[in-house]
Amino acid sequence: MQNRRRARHSAILTLVVGAATTVALADLVALVEPAAAQNEPDKKKHKQEHPQRRPATPRPMPPASSGPSFKAPPRASTPRPADRGPTQKSQPSHQKPALQHRPAPRPSIAPARPSERPSARPMQPKAVPERRNEGLKHLPPPASNQHGVAPQVPKRPSPGIQKPATARPPSGMPSGARGPAPKSFGDIRKGRQEKIEDGGRRKVIQEPGNRIIIKESNRIVVRQDEAERFRRRPGAKSERRPDGNVETFYVRPDGVRIVTVVDAHGRLLRRYRRDRDGHEHSLIDNRRFYRNVAIGVGLGVLGIVALNLPPPRVTIPRERYIVDYDRASDDDLYETLEAEPIEALERAYSLAEIRDNYELRARTRRIDLDAVTFDTGVWEVSPDQYDKLERIARAILRVLRDNDESVFLIEGHTDAVGSDEDNVSLSSRRAEAVAEVLSETFNVPPENLVTQGYGEQYLKIDTQDAEPRNRRVTIRNITRLMAER
């Protein structure tokens, strides 16, 4: 009798454990069922190890004194060992009542029919922002260095970029001006063409590279095509107008158009900016001068403009009037370029008058870039000297933040070794080379720069020998000297 009671208690304990296992397994049915197909071999092995028995007939049990009753969830698949016993009707008092669980429906993995697919808004491709000058790779703006001047970003044209359309060279320029740029003075001398005008009083020398040298009345000047530097800009185009003038323009990344207009002889008539809204900001305007002054006094198209002004009276210390670049601070450079003329002016003057008259230019303060040196017969700035131009570029940009219509004249000079023609041509190319470095390396707007060469006419050190200090470049602000703005 005692053995029968022990067997009955063991059966009840087995039913309790089996029911609890069934409840736990029911919670996992939804997670296990999707992988049922993969576990078929495990099920067959399980059946072999545990052969299925016919479930015993459950015996009625009295209702439990505490906790709700529940039935084991029905099995929809092959029964497991936990499903073999009768359903538990009571729980121990120390356990929380178990909630009734239902197996989660097995998710269908079959693809839905077209009519059953949820309606979704078709994906729209991302809008690609419009790019200017699509032929060029646009790189993010370079980070400024410790001096606040952004270094140069190399411009790399993409394959297949089309060459900008250019107009024919002005008629006053040499016929070979569009050929390869000369690399030495030997190439320049070979390409020169000379002619005599005005009864032998004027000698005109045409050079490769769009330059004309004029010798007249014991004076010598050099004229260059003022649009040539802008034709080398990415995306630049030139158009010849019906009146014979040539308009060269390019568009900056911000949409502003820079326009330079020269006449048939390459003389600068006008330079201005045009905003996106069509508003124009004039930088240089010589139209009235060439129309009313030059023709009226009979100078012709290539004559030298002489004003015969007296030298200015300099009342400030020399170190403030002619500033040595190496010794000046950044504030000294800015103050020099921002200063008013040292003497009152009778009127406003054209760019041609400023270029051809030293006494007029001398009414403004200047900066001598002695730090940048040139070898004999060389006009290019060597790359190891680029950083020497950083401080002057920073000073120019600082002035342009106050007035973006300021114009700076870059003057080139040589020593007294060599012929007058060679030296004036060499100095003009040196001034243009410095302007190129300032624009391409330090982002100084090229439209705010003009260049002029003076050869050996204004020696800093009075000697006929080779003197590196005479092979120099000078910069001054000529905005307050100019006429039409």
Stepwise salt bridge (Lys or Arg N to Asp or Glu O under 4.0 Å) check, Arg365 with Glu338
CA-CA 9 Å; Arg365 298 163 62 178; Glu338 185 65 17; over 6 Å; no
Please report the interatomic distance CD1(Ile258) to CZ(Phe230), rounded to the nearest 0.5 Å.
8.0 Å
Do the side chain of Asp225 and the main chain of Ala227 share a donor and acceptor less than 3.5 angstrom apart?
yes
Distance, nearest 0.5 Å, that separates CG of Asp285 from OH of Tyr272:
10.5 Å
Is a side-chain donor or acceptor of Asn245 paired with a backbone partner of Arg241 at a separation under 3.5 angstrom?
no
Between Tyr325 (side chain only) and Lys388 (backbone N and O only), is there a donor and an acceptor less than 3.5 Å apart?
yes
Can you pull the salt bridge (Lys or Arg N to Asp or Glu O under 4.0 Å) pairs that have at least one residue in residues 366-383, sequence neighbours excluded?
Arg366-Asp368, Asp368-Lys460, Asp370-Lys460
Kindly list each side-chain donor-acceptor pair under 3.5 angstrom involving residues 412-424, sequence neighbours excluded, with atom names and distances?
| unit_1 | atom_1 | unit_2 | atom_2 | d |
| --- | --- | --- | --- | --- |
| His413 | NE2 | Glu411 | OE1 | 3.4 |
| Thr414 | OG1 | Gly455 | O | 3.3 |
| Thr414 | OG1 | Glu456 | N | 3.4 |
| Asp415 | OD1 | Val417 | N | 3.3 |
| Asp415 | OD2 | Arg471 | NH1 | 2.6 |
| Ser419 | OG | Asp422 | N | 3.2 |
| Ser419 | OG | Asp422 | OD2 | 3.3 |
| Glu421 | OE2 | Lys215 | NZ | 3.1 |
| Asp422 | OD1 | Arg192 | NH1 | 3.0 |
| Asp422 | OD1 | Arg192 | NH2 | 2.8 |
| Asp422 | OD2 | Arg189 | NE | 3.2 |
| Asp422 | OD2 | Arg189 | NH2 | 2.8 |
| Asn423 | ND2 | Asp415 | O | 3.4 |
| Asn423 | ND2 | Val417 | O | 3.3 |
| Asn423 | ND2 | Ser419 | O | 3.3 |
| Asn423 | ND2 | Glu456 | OE2 | 2.7 |

Run the numbers on Arg355 and Glu226 for salt bridge (Lys or Arg N to Asp or Glu O under 4.0 Å), then give the verdict.
CA-CA 13 Å; Arg355 281 172 160 166; Glu226 298 292 340; 2.6 Å; yes
With distance as the sole test, does Tyr386 use its side chain to make a donor-acceptor pair with the main-chain N or O of Phe442 at under 3.5 Å?
no
Any side-chain heavy atom of Ile392 within less than 4.5 Å of one from Leu389?
yes
Worked check of salt bridge (Lys or Arg N to Asp or Glu O under 4.0 Å) between Arg229 and Glu447
CA-CA 10 Å; Arg229 185 160 47 96; Glu447 64 269 20; over 6 Å; no
The side-chain contact (heavy atoms from CB on, under 4.5 Å) partner of Arg476 among Ile367, Thr364, Ile354 is Thr364
Does a side-chain heavy-atom distance below 4.5 Å link Phe408 with Val399?
yes
Step by step, would you call Arg347 with Glu353 a salt bridge (Lys or Arg N to Asp or Glu O under 4.0 Å)?
CA-CA 12 Å; Arg347 60 177 176 88; Glu353 292 173 314; 2.8 Å; yes
Can you spot which of Gln224, Glu436, Glu432 makes a side chain to side chain donor-acceptor pair (under 3.5 Å) with Thr451?
Gln224
Set out, in order, the CA-CA distance, both residues' side-chain angles and the distance that settles side-chain contact (heavy atoms from CB on, under 4.5 Å) for Glu319 and Arg327, then state yes or no.
CA-CA 9 Å; Glu319 60 270 14; Arg327 301 179 181 178; over 6 Å; no
Under the criterion salt bridge (charged side-chain N to carboxylate O under 4.0 Å, His left out), which of Asp330, Asp404, Asp331 is the partner of Arg398?
Asp331
Measuring from Arg271:CZ to Glu405:CD, what's the distance to the nearest 0.5 Å?
13.5 Å
Spell out, as yes or no, whether a donor-acceptor pair under 3.5 Å connects the side chain of Asp275 to the backbone of Asp277.
no
If I take atom CD from residue Glu343 and atom CZ from residue Arg313, how far apart are they, to the nearest 0.5 angstrom?
6.0 Å
With no hydrogens and no angle check, is any side-chain donor or acceptor of Arg219 less than 3.5 Å from a backbone partner on Asp356?
yes
For the pair Arg363 (side chain) and Glu359 (backbone), establish whether a donor and an acceptor sit closer than 3.5 Å, ignoring hydrogens and angles.
yes
Just how far is it from atom CG of Leu449 to atom CD1 of Ile396, taken to the nearest 0.5 Å?
6.0 Å
Looking at Ser350, is its backbone amide N or carbonyl O close enough to the side chain of Asn286 to form a donor-acceptor pair, meaning the two atoms are under 3.5 Å apart?
no
Give a yes or no on whether the backbone of Tyr454 and the side-chain of Ser427 come within a donor-acceptor separation of less than 3.5 Å.
yes
Quick check against the 3.5 Å criterion: does Ser428 have a side-chain atom that pairs as donor or acceptor with the backbone of Gln452?
no
From Ser425 atom OG to Ile220 atom CD1, the distance as rounded to the nearest 0.5 Å
9.5 Å
Using only heavy-atom distances, determine whether the side chains of Ser238 and Arg231 contain a donor-acceptor pair under 3.5 Å.
yes
